[in-house]
Amino acid sequence: VVAERAELRIPDTNKPDYASYAVGGITYQDVYKVVNPDSGATGVSRILFNRQYGFLQVAYANQRTLTRTTREVPADSN
């Protein structure tokens, strides 16, 4: 459910759309792509995700994207 306004279903959870796919300079395995044909209700046009990391990228109808990044946390930051 996106913003409590629309539900975007994965057609087949046993078949990822991509065996591997690069997002933000990192290659992820078993990536699913969900395209929203009517992004008016949510503003979300496409979601890329995998089961290990969750959302990898969310693309919006206004051409903006939210992309997962990784950064190393310094050891002394605890």
Side-chain angles (χ1 to χ4, degrees):
V1 176
V2 178
E4 297 182 7
R5 297 180 183 191
E7 185 172 318
L8 303 177
R9 294 200 173 269
I10 303 164
D12 187 345
T13 58
N14 295 313
K15 293 183 180 181
D17 293 289
Y18 305 101
S20 64
Y21 193 86
V23 177
I26 300 167
T27 300
Y28 297 93
Q29 305 301 312
D30 299 327
V31 175
Y32 296 88
K33 177 174 78 171
V34 178
V35 176
N36 185 5
D38 179 19
S39 60
T42 63
V44 174
S45 60
R46 185 195 73 208
I47 298 171
L48 295 173
F49 75 96
N50 76 359
R51 290 182 179 182
Q52 183 177 0
Y53 295 100
F55 289 115
L56 304 176
Q57 187 175 71
V58 178
Y60 296 92
N62 65 4
Q63 306 304 311
R64 293 185 179 206
T65 59
L66 177 63
T67 302
R68 181 183 192 277
T69 60
T70 61
R71 68 177 178 94
E72 293 185 28
V73 177
D76 62 349
S77 66
N78 293 335

* Is there side-chain contact between Ile47 and Tyr32, with at least one heavy-atom pair below 4.5 Å? -> no

* To do: Indicate yes or no: at least one non-hydrogen side-chain atom of Tyr21 is less than 4.5 angstrom from one of Thr27.
  =>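 With C-beta onward as the side chain, the pair stays apart.
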
* Smallest separation among heavy atoms of Val35 and Arg46, with atom names -> CG2-CG, 4.2 Å

* To do: Please name the pair of heavy atoms, one in Ser45 and one in Ala61, separated by the smallest distance, quoted to 0.1 Å.
  => OG-N, 4.0 Å

* For the side chain of Asp30 and the backbone of Pro16, is there at least one donor-acceptor N/O pair under 3.5 Å apart? ->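 Pair absent, no side-chain N/O of Asp30 close to backbone of Pro16.
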
* Set of side-chain hydrogen bond (donor to acceptor under 3.5 Å, both in side chains) partners for Arg68, sequence neighbours left out ->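 For Arg68 the side-chain hydrogen bond (donor to acceptor under 3.5 Å, both in side chains) partners, ignoring immediate neighbours, are Tyr28.
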
* Among all residues two or more places apart in sequence or in another chain, which pass the side-chain hydrogen bond (donor to acceptor under 3.5 Å, both in side chains) test with Thr67? ->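 Gln57.
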
* To do: Among Val34, Val31, Val23, find the residue that satisfies the side chain to side chain contact (heavy atoms under 4.5 Å, CB included) test when tested with Phe49.
  =>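 Running side chain to side chain contact (heavy atoms under 4.5 Å, CB included) over Val34, Val31, Val23 with Phe49 returns exactly one hit, Val34.
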
* Asked: Can you hop from Ile26 to Leu56 via hydrophobic side chains spaced under 4.5 Å?
  ->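 Result: yes, single cluster for both.
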
